[in-house]
Structure formats: C-alpha cells, structure tokens
Amino acid sequence: MSEMDEDAVLSDVEGEEETNEEGAGEDEKVQVCSLTPETTSEGLSLLCRTGNGLGHAFVRVELQDKGLNDITAISRFIHLRFVDVSNNHLTDLSPLASLTHLLWLKVDNNAVASFKGQPFAQLTYLQWLSMAVNRLTDLDGLVGSALESLNLTGNGIQRVNGLQSGCFANLVTLELRGNQLDTTDGINLPNLRQLYLAQNIIKRLEGLERLTRLNTLHLRDNQLETLDGLSPNMKCLQYLNVRGNVIFEENALQSLALVSKTLRALVISENPLVETTDYRMSVLILLPQLERLDKDPVSFEERTEAQRRVKELKEEEISEP
C-alpha cells in the first residue's frame, strides 16, 4: 500500500468514526432488524460448484447497510465463501460458525466488542478478515490458522498479546491503524510482511526483532521520540514510515543503521527534526543504500556527498589516538 493509499484509507476511517459519533444520539431512531432468508437470497451471487463436487451453489453474499442486528438466518447457507455484512449493528457473529467453507469476511462498521464467543475457531479456511471500526479493545479469543490478511483499523485496541505465530502462522498483512496501542510489543509473527500501525499512541518500539520477514512498517502519526527498537534481525525491511511523530534530535535516528542494508524508502517528514537540521544528509550517512527519502528520490549528488562525509568520519576515527 502506497503512502497516498494509506492517507485515503485513514481519511475514510476518520470520516466513518465522525459519522458514528455524530449519529450516536440517533441510534434509538435507527431501525434495526433480523436477517431473513429472503434478504439473504437477494444478496447472493457467484455460482460455483460445491465443495463435494456434486452440485452448485451461490458462494458470495453482500448484506451491507441492511440495519441488521441479527444474522441467524445466514447459518443455513453453508456453501458461502465470501460474506460482507458491513455497515450494520452486529455484535454477535456466531451464526457464521456453520459456514465452514468461508474464505473472506468483511464486518466493517458494526458493534462487535470482543472476539470471545465468536465463531473464528470453526472458520478454519478463513484467509481474509476485516473488522475495521468496531468496538474491539483486545484480541483475546481470535484465532486464524489460515488467515493471511487481518484488518482491525479504527477500533479501541490497547494491546495485542494474542498475536502469536502458533495461531497466525500464515498472516502476512496486519492493519491496526487508528487504535490505542502505546507499544509494538506483542506481535510475534515471523512470517508477517506488512504491518500498519499509523494513528496510535505508540511511544516505544519493542519486539520488532521477531519480525524477521517484515518488508513494510507504517508508524505514521504516533508519539515516537526515537527509533530505538529497530533490529538487525529485520533483514527484509524495505519501507519505513515514521511521518508525524515527535523525533527532535539526530541521535534518535542512530538505530536506522541497523537496517541500512535493506531499507530503500524512508518517510520522516512532519517530525520536529526536519525543521531544525539538514536531516537528509544525516539520514543518508546512516542509510547509504536508501533510494527515496520522503517524497523525493535520493539524487546522485546527495549520495556522493554522503559517501564523502562517511569517508571523512572513518579517517577521523583512524587518526584519533
């Protein structure tokens, strides 16, 4: 996901949250209802062969914006593989337990407050799950041995201790933007490739040494004063976004040297450091392989000057008694 794409998604989430807040006092006026077999049938599409190969069934259902607070009726449609129940009033997803062929599930903009009592242990083939803008505060009860992508943007999650490799061995993309995390600790997912943590209150980088295959790390709009916590174990990291944090001093960037062999793009704009120093040259001395810094590619002249300064620093170290 590009920085521009991330900005657009963040704006959408902010807008959704504002709408939810503005409409909070009108919840009693909103008409809610239970799902009926007729409504489910109207949302069906994508005719496919059934899992046993003996017949055909519709495997996709779209039930967005139906005012639903109960989806019990969906349990009889056992061949479903793709389900979208976004923009409703759901708190209980247990009727999905019978949909054992489910691959893709979107539950954005509902009122789910906990993973406990939900059906995810039964959904052993589920690969893609999005529960953005619900009321989750932790991940207790969530399992997903087949999950490859998990989006929990815009909840109130304060800790992620449940993200262990044993339960999420196949997870490669994790989105936790717009939550209440104050640390990166607890994400023990060595196969993870993309991690999006923008718009939290993160003050400490912890546990990153476990993310040995991570190539994209978004930490925009947090409260980081330093990049201490980056690890040489992050041997695949290519893109790092720490825009809009509170990094004041050049010394706070020293940990970038630990990922200098692989990092190709760094976004560090909107930090106090950028306004007070020649930060580009300081960064390039630490990251000689960098190809893009903020919105601009690294020029040949900049790279040459950085190499010259590095050489001078080494000569000074040698000449010192």
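Here the structure is a predicted model, which is why all the values come from computation and not from measurement. Side-chain atoms are counted along with the backbone in the values below, which use heavy atoms only and exclude waters and symmetry mates.
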*Asks:* Would you confirm whether Asn170, through its side chain, and Ser145, through its main-chain N or O, come within 3.5 Å as a donor-acceptor pair?
*Replies:* yes
*Asks:* Checking side-chain contact (heavy atoms from CB on, under 4.5 Å) between Val85 and each of Leu90, Leu96, Asp108, which is the one that passes?
*Replies:* Leu90
*Asks:* If only atom types and distance count, is the side chain of Asn200 paired as donor or acceptor with the main-chain N or O of Thr184 below 3.5 Å?
*Replies:* no
*Asks:* Hydrophobic cluster membership, with links at side-chain heavy-atom distances under 4.5 Å among I/L/V/M/F/W/Y: are Leu103 and Leu171 in one?
*Replies:* no
*Asks:* If we only count heavy atoms from C-beta on, is the Leu287 to Val298 side-chain gap below 4.5 Å?
*Replies:* no
*Asks:* Restricting to non-hydrogen atoms, name the atom on Arg303 and the atom on Glu291 that form the minimum distance, rounded to 0.1 Å.
*Replies:* NH2-CA, 4.2 Å
*Asks:* Would you say Thr262's side chain and Leu237's backbone share a donor-acceptor pair under 3.5 angstrom?
*Replies:* yes
*Asks:* May I ask you to decide if Ile268's main-chain N or O and Asp294's side chain share a donor-acceptor pair within less than 3.5 Å?
*Replies:* yes
*Asks:* One thing to verify: whether Asp185 and Arg210 come together as a salt bridge, which I'm taking to mean a side-chain N less than 4.0 angstrom from a carboxylate O.
*Replies:* yes
*Asks:* Would one find more than 12 heavy atoms of other residues, nucleotides or ligands at under 6.0 Å from atom CD of Glu249?
*Replies:* no
*Asks:* Determine yes or no for a side-chain-to-main-chain donor-acceptor pair under 3.5 angstrom, with Arg243 supplying the side chain and Asn245 the backbone.
*Replies:* no
*Asks:* Short question: side chain of Gln118, backbone of Thr91 - any donor-acceptor pair under 3.5 Å?
*Replies:* yes
*Asks:* Which pair of non-hydrogen atoms, one from Phe168 and one from Gly144, has the smallest distance, and what is that distance?
*Replies:* CE2-N, 3.6 Å
*Asks:* Taking Ser98 for the side chain and Ser75 for the main chain, is one N or O donor matched with an acceptor at less than 3.5 Å?
*Replies:* yes
*Asks:* Scan side-chain atoms only and decide if Asn155 and Asn134 contain a donor-acceptor pair under the 3.5 Å cut-off.
*Replies:* no
*Asks:* Are Ile247 and Val274 in one and the same hydrophobic cluster, where Ile, Leu, Val, Met, Phe, Trp and Tyr link if side-chain heavy atoms are under 4.5 Å apart?
*Replies:* yes
*Asks:* Would you please say whether a donor-acceptor pair under 3.5 Å links the side chains of Asn191 and Arg213?
*Replies:* yes
*Asks:* Sequence neighbours excluded, which residues qualify as salt bridge (Lys or Arg N to Asp or Glu O under 4.0 Å) partners of Asp228?
*Replies:* none
*Asks:* Which atom names give the shortest non-hydrogen contact between Val107 and Met131, and what distance separates them?
*Replies:* CB-CG, 4.0 Å
*Asks:* Heavy-atom distance under 4.5 Å between the side chains of Met234 and Leu217, does that happen here?
*Replies:* yes
*Asks:* Say whether Val112 and Leu147 are linked into one hydrophobic cluster, either directly or through other cluster members, by side-chain heavy-atom distances under 4.5 angstrom.
*Replies:* yes
*Asks:* Should Leu240 and Leu230 count as side-chain neighbours, where that means a heavy-atom distance under 4.5 Å?
*Replies:* yes
*Asks:* Taking Thr39 for its side chain and Leu35 for its backbone only, find out whether a donor-acceptor pair lies under 3.5 Å.
*Replies:* no
*Asks:* Tell me, do Thr100 and Ile78 make a side-chain contact under 4.5 Å, heavy atoms counted?
*Replies:* no
*Asks:* Do the side chains of Thr226 and Leu205 get nearer than 4.5 Å, heavy atoms only?
*Replies:* no
*Asks:* Any side-chain donor paired with an acceptor under 3.5 Å for Thr173 and Gln194?
*Replies:* yes
*Asks:* So which heavy atom on Lys235 is nearest to which on Pro232, and how close?
*Replies:* CG-O, 3.4 Å
*Asks:* With clusters defined by side-chain heavy atoms of hydrophobic residues (ILVMFWY) lying less than 4.5 Å apart, directly or transitively, does Leu258 cluster with Ile285?
*Replies:* no
*Asks:* Keeping the roles fixed (side chain from Asn88, backbone from Gly67), state whether a donor-acceptor pair exists under 3.5 Å.
*Replies:* yes
*Asks:* Could you walk me through whether Leu273 and Leu253 pass the side-chain contact (heavy atoms from CB on, under 4.5 Å) test, one step at a time?
*Replies:* CA-CA 10 Å; Leu273 170 73; Leu253 303 178; 3.4 Å; yes
*Asks:* Which atom pair, heavy atoms only, marks the closest approach of Leu290 to Val283?
*Replies:* CD2-CG1, 3.9 Å
*Asks:* Do Leu152 and Leu139 touch side chain to side chain, with heavy atoms closer than 4.5 Å?
*Replies:* yes
*Asks:* So, the side chain of Arg159 versus the backbone of Thr183: is there a donor-acceptor pair under 3.5 Å, distance only?
*Replies:* no
*Asks:* Enumerate the residue pairs fulfilling ring pair (Phe, Tyr, Trp, His ring centres under 6.0 Å) with a member in residues 111-147, sequence neighbours excluded, ordered by first and then second residue.
*Replies:* Trp104-Trp128, Phe115-Phe120
*Asks:* Is Ser34 close to Asn69 at the side-chain level, that is, under 4.5 Å between some pair of heavy atoms?
*Replies:* yes
*Asks:* Hydrophobic cluster membership, with links at side-chain heavy-atom distances under 4.5 Å among I/L/V/M/F/W/Y: are Leu44 and Leu47 in one?
*Replies:* yes
*Asks:* Quick one: closest heavy-atom pair of Asn179 and Ile157, and the distance?
*Replies:* OD1-N, 3.0 Å
*Asks:* With heavy-atom distances below 4.5 Å as the criterion, would you say the side chains of Leu293 and Tyr279 are in contact?
*Replies:* yes
